[in-house]
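Treat the numbers as computed from the prediction; the structure is a model and nothing was measured.
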Amino acid sequence: MTDVMTDLAHGRRERLDRLGREFLDHFTQAAGFAALDPEPAIPHRDRTILFTNSAVVPFKPFLLGEPALPASGVAVRQPCVRVHNLDEVFEEGFASEFVLQFEMLGVLAPSTRAGTLAAAVAGYVSGVLGLDGQSVAFKAAHDDTDLRSAWEACWSGPVLLDTEERDYYRWGFGHPRLSGRGATFAVRQADGDFRDLGNLIAFERDGKVAGYGFGIGLETLAACLDRSEWVLDCTPAGAVVGSRTPDEAKLADLLGLLVRLYAADVRTSSRAQGHVLRRAVSATARLAAGLGLDQARLLHRLAVVAAADAPGQDVLGAAGPDLARYRPREGSRHVHDLSFWCADGTDPDTLCATAAQAALPGVHRISASVKDVWHGERTSVTLAVTLDLPPSAHKPEAKQALRALAARLGERCGTELRGEIR
């Protein structure tokens, strides 16, 4: 089984690499864009984010005019990590359209070259991907006339207007001067429906267009071309799915994330990024235990993904001890209710998310859910809080962690603990 997984993982990596090369070859050689070095997984230039999460990250300096964007535009293949919402990533069901670590293929053109960019994209879609006019739909807001006119001048496929909420096509990029509005490319699937692939974007600085961009997810591209139900089916991590269930898929996706984080030298002892890694390790160990996977079989799967996605790097040397330390054991989970007085307008879900993201010494993981909300002269919110602690921890350590959590929520959300922690 391991040999089959290994061959499949390497085959998928080779295929993704080929698609990535074809993208860059088209835009740099055929269309004349300059190749841009990608930003590392932990960004060096943009400290507003924990991890590089899109191709926009290396584009930001150009969009801000520092330095000037080359007249030909730039193209990049950008490794990314998707952990902006820890609750959704680690707590909810498996997301078939997304993976936790991925690559974005992106190009950025000057504001005067919308038509040139659209023509280059059309050449890529037809000449490289081999898709005809009726296979690709362009979904846009009716008043994004610059994007529509640029695309319609070079493509004869369907244009679908106002099919989504307007906010769906509007973005902020972590900088007060930058915003974006865009249209979506969608590829027809076997059932005749269109599946979102990527975007044509007008990047704006201070309300004026600073450049036009095109971006697609590499793994999503492979899934669209293969008409795969899960994007994970086209990734090396997806090769280690033991059976086709959401929990198995979630475990494989998390293993892919662990490989990316450890390969980027993130460690559980790190401060900001280490908090994400600790939660990822805890979630991985918990899922593996629930699926009946012992440590040896879990590490076999991790080794398969690492060999394809981080060859030559000692991922297991760092990950193995962490996965053993965070594996759930009897008595390591403590469940408590905490009630807080809250200011008017406090969002209980935001309170939950803040609790879950708190990094506390000696606590492997925190999860929280809203148990009760009461409105009187003052608003009271009760959270059901679960602490994953080391097996050696007992009630005093759990009480200390709860007090620290209550203090953290008081600092960040202005809450006041009701009663005492006994």
Side-chain angles (χ1 to χ4, degrees), residues 20 23-24 27-28 31 33-70 72-85 89 97-114 117-118 120-121 124 139-141 144 146-147 150 164 166-185 196-221 260 264 273 276:
F23 178 92
L24 288 179
F27 282 98
T28 58
F33 288 75
L36 180 65
D37 290 334
E39 189 79 358
I42 301 175
H44 291 167
R45 293 177 293 187
D46 191 340
R47 298 302 183 183
T48 66
I49 52 177
L50 286 177
F51 297 98
T52 301
N53 55 14
S54 76
V56 175
V57 174
F59 291 166
K60 277 187 181 181
F62 298 111
L63 296 171
L64 292 168
E66 309 164 356
L69 178 64
S72 60
V74 293
V76 71
R77 177 181 172 183
Q78 177 62 58
C80 299
V81 174
R82 188 194 311 276
V83 291
H84 61 280
N85 188 322
V89 169
E97 286 295 327
F98 302 102
V99 286
L100 301 179
Q101 61 88 24
F102 57 102
E103 294 183 79
M104 285 298 299
L105 307 175
V107 292
L108 175 65
S111 59
T112 57
R113 299 191 67 201
L117 172 62
V121 173
Y124 171 71
K139 303 194 296 186
D144 282 332
D146 53 344
L147 299 173
E164 307 282 352
R166 185 177 180 82
D167 287 348
Y168 182 79
Y169 302 108
R170 300 297 182 263
W171 299 279
F173 301 113
H175 193 285
R177 299 181 64 194
L178 297 179
S179 59
R181 52 185 175 81
T184 296
F185 292 92
D196 290 357
L197 171 62
N199 301 99
L200 187 66
I201 304 171
F203 295 105
E204 296 181 345
R205 181 176 70 237
D206 300 326
K208 296 182 179 179
V209 175
Y212 286 97
F214 168 63
I216 56 177
L218 177 58
E219 294 80 5
T220 302
L221 170 62
R260 174 64 56 85
Q273 287 84 5
V276 175

Is there a donor-acceptor pair closer than 3.5 Å between any side-chain N or O of Arg205 and the backbone N or O of Leu63?
yes
Can you name the closest pair of heavy atoms from Gly106 and Ala55 and give their distance?
CA-CB, 4.3 Å
Which is it for Phe51 and Ile42 under the side-chain contact (heavy atoms from CB on, under 4.5 Å) test, yes or no, and what are the steps along the way?
CA-CA 5 Å; Phe51 297 98; Ile42 301 175; 4.3 Å; yes
Is the backbone N or O of Val81 less than 3.5 Å from a side-chain atom of Asn53, with the two atoms forming a donor-acceptor pair by type?
no
By salt bridge (Lys or Arg N to Asp or Glu O under 4.0 Å), which residues pair with Asp37, not counting sequence neighbours?
none
For the side chain of Arg181 and the backbone of Arg166, is there at least one donor-acceptor N/O pair under 3.5 Å apart?
no
Shortest non-hydrogen separation from Ile201 to Leu147 and the atoms involved
C-CD2, 4.2 Å
In Å, rounded to the nearest 0.5 Å, how long is the span from NE2 of His175 to CG of Asp46?
9.0 Å
Any side-chain heavy atom of Ser179 within less than 4.5 Å of one from Trp171?
no
Give me the atom names and distance for the closest heavy-atom approach of Phe185 to Val121.
CZ-CG1, 4.0 Å
Interatomic distance, Leu100 atom CG to Cys80 atom SG [nearest 0.5 angstrom]
12.5 Å
Before giving the answer on side-chain contact (heavy atoms from CB on, under 4.5 Å), spell out for Leu50 and Val276 the whole-Å C-alpha distance, their side-chain angles and the decisive distance to 0.1 Å.
CA-CA 9 Å; Leu50 286 177; Val276 175; 3.9 Å; yes
Below 3.5 Å, can you tabulate the donor-acceptor pairs from side chains in residues 211-218 to any protein atom, sequence neighbours excluded?
unit_1: Tyr212; atom_1: OH; unit_2: Asp146; atom_2: OD2; d: 2.7

Enter the distance from Leu69:CG to Ser72:OG here, rounded to the nearest 0.5 Å.
7.5 Å
Between Arg113 and Gly73, which heavy-atom pair has the shortest distance, and what is it?
NH1-N, 4.1 Å
Is Pro70 close to Phe62 at the side-chain level, that is, under 4.5 Å between some pair of heavy atoms?
yes
Looking at Lys139 and Asp144, does any basic side-chain N land under 4.0 Å from a carboxylate oxygen?
no
Going from CZ on Arg260 to CD on Glu103, what distance comes out if it is rounded to the nearest 0.5 angstrom?
6.0 Å
Between OG1 of Thr220 and CZ of Phe98, what distance do you get to the nearest 0.5 Å?
7.5 Å
Which of these, Gln78, Lys60, Arg45, sits in a side chain to side chain donor-acceptor pair (under 3.5 Å) with Glu39?
Arg45
The reported gap from CG in Leu105 to CG in Leu221 (rounded to nearest 0.5 angstrom) is 7.0 Å
Who passes side-chain contact (heavy atoms from CB on, under 4.5 Å) against Leu24, sequence neighbours left out?
Ala75, Arg77
Within the structure provided, determine whether Tyr169 and Thr184 are in side-chain contact (heavy-atom separation under 4.5 Å).
yes
Check for me whether the distance between the ring centres of Phe59 and Phe173 falls short of 6.0 Å.
no
